[in-house]
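Atom set for the values below is all heavy atoms of this structure, side chains included, hydrogens, waters and symmetry mates excluded.
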Amino acid sequence: MTVRVRFAPSPTGYLHLGAARAALFNWLFARKCGGKFLLRIEDTDLQRSTDESTRSILEGLEWLGIGDYDEEVVFQSRNADKHRAAALRLIEEGKAYRDFTPKEDRADANVKREIAERARTAAAVEGVDHRSNPYRDLPLEESNRRGAAGEPFAVRLKVAREGRSRFEDVVYGEQVRDYSEIEDLVLLRSGDLSPLYNLSVVVDDIEMAVTHVIRGQDHLTNTHKQVLIYQALGTPVPVFAHLPLILAPNKAKLSKRKHGEVVSLTTYRDRGFIPAAFRNFLALLGWSPGDDREIMSLEELISRFSLEGIHRSNAVFNFNERDARQWTDQKALWMNAEYIRTMPLEELVPMVRSELESAGLWRPEYVAEERAWFERTIDLIRQRFYTLKDFSGQGRAYLSDDFEFDPQAVAKNLKKEPRLRELLPRLADHLERVEPWTTETVETALRAFADETGVKAGLLINSSRTALTGQAVGPSMFDVFDVFGRSRSVKRLRDAAQLV
RNA sequence: GGCGCCAUGGUGUAGUUGGUUAACACGCCGCCCUCUCAAGGCGGAGAGCGCGAGUUCGAGCCUCGCUGGCGCUACCA
């Protein structure tokens, strides 16, 4: 039996981190087993579903490098007829029943509280079985007649009164739940008979021949309801593997409302993350290969992935909303920097290119006559960058004459020593005569000039750094000179004298 | 309220069938390197494994209780 897994997001917003991770795990498992990775858009909630969201989910998967799903995307809303037919069949078989109780509208926002209150009062009123329903045992003929007569009804699954539901979860082990804990869940809404989530999921998973359901732990207890539907439908249940949740630093579930853009996958794309780095980071949230390896290529991730390596406790996504430097998990940032500095340059360059293009810093020469220079420069500056944004930010002075001077750097490296006003132009004169222009020759020349004028080489070096790059930090200065070339170096040294 | 799940340094994790001073990574601190900042190298602080019992010669690993967190509980998905 070939493995078939699916990622089934509901298109009600951007792609959430947790969902992205679930997608990744499904994908890894499919690739690992030589199985199929399917995609199903659970758009049954027409009110909240949007095409834009669907697009952004697709984009997100594409960006993560796992957008190569193996079959046509399934849109759940288009299968509503099948879902409905399944439920109606269950009525005929006596496994579900029409509930003619008038529909009660509940305020969506306060359900949680309502549930608790309902449970409390039910417990107070002795002997109330919240599953008792006068229509549960209505004779089929009467049910059919009333239904045919146009009386509105919902369809509920008939859950056995006694016994317990059980299934084996690959991650969480055996799950047992008493039937008395499970209500006769609604399969079809009264009125339009539109299918509800649990029914749709099961019917679609059967239709798509899904063999392994890998999804968030928030579905764990509801899985019992789905198992019941599988059984009613007479279909074997798939293997379930639930994933631990990803929590915010305050241990609450990560949510858009409370935590904002950190939870959106597109944020990471927009803020200059390398897909491979973020994917790598995500893979390590709730899963471990069992040893100390952390940096893993896609191939390694695939070969080392296993459902057994998923663990049970929730993971905290660690970030600090009040500190811009910690806008997201530090380890994710570290990993991104690690990728930027160590990945093959030819893989990095295209990403840098699109960043520069959107910042208006790209020049076609960079892939033509200036290609060697461009790559050397990128290779030099990437060593201390964290995101792709740095190439257009901190890296700007390397690529454009239109850049800003960091006031603190100017204060520290230029203004602090008045003699620089005169030394910088003289250094420029000196360097102008260096031939050939290399890291070594410039260094020799600069140090000789320092000796001549009786100042420390460091003074000249640091002021040069600010003069050429506008910054106080950066690569080894002689590499910077080298990359800037003679005329640009000399010009910036002279220009900077005015800032002293 | 009920039911379920979880619990190793600040965070992510490792911890084989219970057996030496609980390991790795991020972060933090210090030193080295050095023209700055990183990177890199070296070292350090930080958990005695949520708490309490029990089993055992011996428990982070087993048992029970408690506490805490989270999830589910809807004619939402």
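- Among the protein residues, A:Thr44 comes within range of the sugar-phosphate backbone only, with heavy atoms under 4.0 Å from sugar or phosphate atoms but none that close to a base.
- With B:rC75, B:rA77, B:rC26 as the candidates, the nucleotide lying closest to the side chain of A:Lys103 is B:rC75.
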Contact list (N/O, under 3.5 angstrom) for nucleotides 12-17 of chain B vs protein:
from	atom 1	to	atom 2	distance (Å)
B:rG12	OP1	A:Val316	N	2.6
B:rG12	O2'	A:Leu284	O	3.1
B:rU13	OP1	A:Leu284	O	3.4
B:rU13	OP1	A:Gly286	N	2.2
B:rU13	OP1	A:His311	NE2	2.9

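- In this structure, the nucleotide among B:rC28, B:rG71, B:rC75 sitting nearest to the side chain of A:Asp218 is B:rG71.
- Among the nucleotides B:rC76, B:rA25, B:rC70, the one closest to any side-chain atom of A:Leu245 is B:rC70.
- Side-chain proximity of A:Arg384 to the nucleotides B:rU36, B:rC6, B:rC75 is greatest for B:rU36.
- Within the 4.0 angstrom heavy-atom criterion, no nucleotide atom of any strand lies near A:Arg293.
- For A:Arg271 and A:Phe273, the positive end is not near the middle of the six-membered ring at less than 6.0 Å and at most 45° from its axis.
- Set against B:rA77, B:rC75, B:rC37, the side chain of A:Arg48 has B:rA77 as its closest nucleotide.
- Comparing B:rA39, B:rA77, B:rG71 by their closest approach to the side chain of A:Gln217 singles out B:rG71.
- One finds a side-chain N or O of A:Arg189 lying less than 4.0 angstrom from the OP1 or OP2 phosphate oxygen of B:rC76.
- Look at the C1' atom in both B:rG19 and B:rC64: the space between them is 24 Å, to the nearest Å.
- Counting non-hydrogen atoms under 4.0 angstrom, A:Tyr172 reaches the backbone sugars and phosphates but no base.
- Comparing B:rG1 with B:rG9, their C1' atoms sit 36 Å apart, to the nearest whole Å.
- In this structure, A:His224 does not count as stacked on the base of B:rG4 under the 5.5 Å centre distance and 30° plane angle limits.
- For B:rG48, the base adopts the syn conformation, since its glycosidic angle falls within 90 degrees of zero.
- The side chain of A:Asn222 sits closest to B:rU73 out of B:rA25, B:rG71, B:rU73.
- Here the two rings, on A:Tyr268 and A:Trp327, have centers that are under 6.0 Å apart.
- Here A:Arg465 lies in heavy-atom contact (under 4.0 Å) with a base.
- A:Phe153 does not carry A:Arg146 over the face of its six-membered ring by the limits of under 6.0 Å from the centre and within 45° of the normal.
- Nearest to the side chain of A:Val186, among B:rC75, B:rC35, B:rC37, sits B:rC75.
- Of the candidates A:Arg136, A:Arg156, A:Lys158, A:Arg189, A:Asp99 forms a salt bridge (Lys or Arg N to Asp or Glu O under 4.0 Å) with just one, namely A:Arg156.
- Residue A:Ser190 is classed as a base contact, given a heavy-atom separation below 4.0 Å to a base.
- Taking side-chain N and O atoms only, A:Arg447 has a distance below 4.0 Å to OP1 or OP2 of B:rC35.
- A:Gln175 comes within 4.0 angstrom of the backbone, heavy atoms only, and of no base.
- Residue-level contact check: A:Pro249 touches neither bases nor backbone, having no heavy atom under 4.0 Å from any strand.
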